[in-house]
Protein chains: 2
Amino acid sequence: MVNSKPTSRQRILAAAAAVASEAGASNLSLDAVAQRAGVSKGGLLYNFPTKAKLLQGLVQNHIDEFEISLAAATGAGNGASLLGAYLRSCVRECASDDTPPSGVLAALAEDPDMLEPVKLHKRRMLDRLAAETSNPSRMLRSFLIVEGLRSQTLLDIDVLTDEERGLVLATLMAEAEWADSAVMENAATT
Amino acid sequence: MVNSKPTSRQRILAAAAAVASEAGASNLSLDAVAQRAGVSKGGLLYNFPTKAKLLQGLVQNHIDEFEISLAAATGAGNGASLLGAYLRSCVRECASDDTPPSGVLAALAEDPDMLEPVKLHKRRMLDRLAAETSNPSRMLRSFLIVEGLRSQTLLDIDVLTDEERGLVLATLMAEAEWADSAVMENAATT
DNA sequence: TTAACTGTACCGTCTGGACGGTAATGTCAA
DNA sequence: TTGACATTACCGTCCAGACGGTACAGTTAA
């Protein structure tokens with residue numbers, strides 16, 4: 001499942017995301033994806049037997065990528081809280097200007113149920129965060145601010161000025177530090 | 001533009017939203033909309049000459065509805081701040097369980113640029129809010145929390161439990177009251 | 001008379017995906 | 001070692017159906 005050289009599957013996934021972002025979420029055609037990926041249509045359908053499978057792959061890929069980024073953030077900050085790692089990971093994601101996850105949009109457009117894995121993932125993330133925090137309301141607020149930021153990149157409605165975004169990201173970073181220290185306190189008193 | 005009895009145009013818009021939410025954003029076909037609205041296809045195309053026009057109508061309708069709700073909230077709370085009215089309006093929107101704005105999703109799916117009016121509207125709203133507030137960062141945070149909540153209903157990923165949602169909505173209401181009192185203070189010192 | 005439709009017939013294009021190849025790469029018995 | 005077969009990973013073509021949109025003749029309420 002891990003990659004040494006880009007497999008066809010991975011190239012197809014990347015191509016699909018690119019096509020979706022360029023042509024619009026609902027104009028994701030298999031032909032376009034195949035061409036973009038440098039693969040014949042037959043080859044595409046070998047890797048993803050149906051369009052639905054391709055879209056599910058796109059969604060799963062999105063989740064996996066975030067989980068990897070989160071794991072990196074958890075590993076890096078030693079003794080860091082999960083919420084801290086989560087926020088830092090999201091701040092980095094929002095600050096970077098890599099392509100928005102149009103593949104997810106494409107999946108949503110085709111069938112709303114296809115976001116079920118995303119929903120599950122978010123819910124589980126929320127549970128993990130809730131298990132740790134001493135202040136659920138504060139944690140929830142941070143979580144939703146992140147969701148708000150993400151929705152703007154997802155929908156390609158970047159309404160904030162750089163200044164405003166900077167302001168928000170700074171408070172999120174502060175919130176991350178608070179989360180870390182709160183967890184340490186907790187650990188100290190146990 | 002205001003309604004006494006539902007015009008064809010309005011029935012079509014409603015039908016389109018219904019079809020979009022049931023069939024998936026990208027499966028919004030003109031035939032289906034016409035049938036759902038109890039209108040012939042010719043009639044549909046009489047009101048909306050192209051599919052793009054229909055989708056634009058859907059988006060505009062969404063914006064208008066919010067603006068109406070906001071106006072009601074501004075009028076009701078006498079002496080209320082704009083941010084207060086905005087937050088109260090959004091809280092009501094999130095608490096009610098009317099159908100999510102699938103029409104907007106359909107427009108987005110077809111062509112990302114179609115959300116430009118939404119983007120503009122949000123940006124203007126933000127400017128209006130910024131002009132009033134004494135604490136931009138705090139205002140921004142509330143704004144983004146709302147965006148986060150909205151994205152969940154828009155994408156039909158309602159991750160929060162009722163308890164969690166209640167918690168967040170309560171803090172938003174508190175924030176609305178703070179906004180009102182802050183404005184009154186400001187008015188008193190001028 | 002005109003605006004606001006209805007109803008039907010039709011067209012060109014696009015799309016998912018089924019299908020039948022095929023070349024390269026194992027696998028394994030004799 | 002080798003020949004026979006199996007599997008993997010594709011290629012290229014074809015097609016039935018859906019969809020947006022056009023055209024146009026007829027209808028009905030104001």
Side-chain angles (χ1 to χ4, degrees), chain A residues 1-59 102-103 105-111 113-114, chain B residues 1-59 102-103 105-111 113-114:
Chain A
M1 280 297 170
V2 268
N3 48 349
S4 50
K5 60 182 170 182
T7 69
S8 288
R9 197 188 155 85
Q10 287 168 321
R11 276 189 300 131
I12 289 169
L13 249 18
V19 169
S21 86
E22 284 166 23
S26 77
N27 302 335
L28 183 78
S29 72
L30 296 187
D31 289 298
V33 172
Q35 193 175 356
R36 179 75 176 236
V39 162
S40 73
K41 193 167 179 186
L44 167 57
L45 286 166
Y46 174 80
N47 286 278
F48 299 95
T50 67
K51 192 180 185 182
K53 288 274 167 60
L54 172 60
L55 294 171
Q56 283 162 20
L58 241 22
V59 170
S102 317
L105 257 189
L108 168 64
E110 185 100 342
D111 177 5
D113 297 340
M114 226 170 269
Chain B
M1 280 298 168
V2 268
N3 48 347
S4 50
K5 60 183 172 183
T7 69
S8 289
R9 198 187 154 85
Q10 287 168 321
R11 277 189 301 131
I12 290 170
L13 249 17
V19 169
S21 86
E22 284 165 24
S26 78
N27 301 335
L28 183 78
S29 71
L30 296 187
D31 291 295
V33 172
Q35 193 175 353
R36 179 74 176 235
V39 162
S40 69
K41 193 174 176 182
L44 167 58
L45 287 166
Y46 178 80
N47 285 279
F48 299 95
T50 67
K51 191 180 186 181
K53 288 273 166 61
L54 171 61
L55 294 172
Q56 283 163 18
L58 242 21
V59 170
S102 317
L105 258 188
L108 168 65
E110 185 100 341
D111 178 6
D113 297 339
M114 226 169 267

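As the structure is a prediction and not an experimental result, all values here were calculated from the model. To find a chain, count down the sequence lines: A is the first, B the second, and so on, and within it residues start at 1.
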Grab the two heavy atoms, one from [X] and one from [Y], that are nearest each other, plus how far apart they are.
X	Y	result
A:F48	A:L54	CD2-CA, 3.6 Å
A:A107	A:V59	CB-CG2, 3.5 Å
A:G57	A:L13	C-CD1, 4.1 Å
B:L58	B:A17	CD1-N, 4.4 Å

- Task: Find the distance B:L44:CG to D:dG21:C1' and express it as a whole number of Å.
- Result: 11 Å
- So what does B:L45 hit on the nucleic acid, given a heavy-atom distance under 4.0 Å: a base, only sugar-phosphate, or nothing? base
Show each protein N/O and nucleotides 23-27 of chain D N/O combination with a separation under 3.5 Å, one pair to a line.
none

- Message: Quiz question: going by heavy-atom distance under 3.5 Å, is there a donor-acceptor pair between the base of C:dG7 and the side chain of B:K41?
- Response: no
- Message: Under 4.0 Å from OP1 or OP2 of C:dC5: is there any side-chain N or O of B:Y46 that close?
- Response: no
- Message: Please tell me if B:S8 has a side-chain N or O lying less than 4.0 Å from either OP1 or OP2 of C:dC5.
- Response: yes
- Check DNA chain C against residues 12-40 of chain A and give the residues with a non-hydrogen atom under 4.0 Å, in numerical order. A:L28, A:S29, A:L30
- DNA chain C contacts made by residues 47-55 of chain A, counting heavy atoms under 4.0 Å: A:T50, A:K51
Let me confirm one number: the [atom1]-[atom2] distance from [X] to [Y], rounded to the nearest 0.5 Å.
X	Y	atom1	atom2	value
A:I12	A:T7	CD1	OG1	8.0 Å
B:L108	A:L108	CG	CG	8.0 Å
A:L30	A:L45	CG	CG	6.0 Å

- Considering only heavy atoms from C-beta outward, does the side chain of B:L55 approach that of B:D111 to under 4.5 Å? no
- Task: Identify, with sequence neighbours excluded, every residue that meets side-chain hydrogen bond (donor to acceptor under 3.5 Å, both in side chains) alongside B:Q35.
- Result: none
- The complete set of side-chain hydrogen bond (donor to acceptor under 3.5 Å, both in side chains) pairs with one or both residues in residues 43-55 of chain B, sequence neighbours excluded, reads none
- Item | Partners meeting salt bridge (Lys or Arg N to Asp or Glu O under 4.0 Å) with A:D31 (sequence neighbours left out) | A:K41
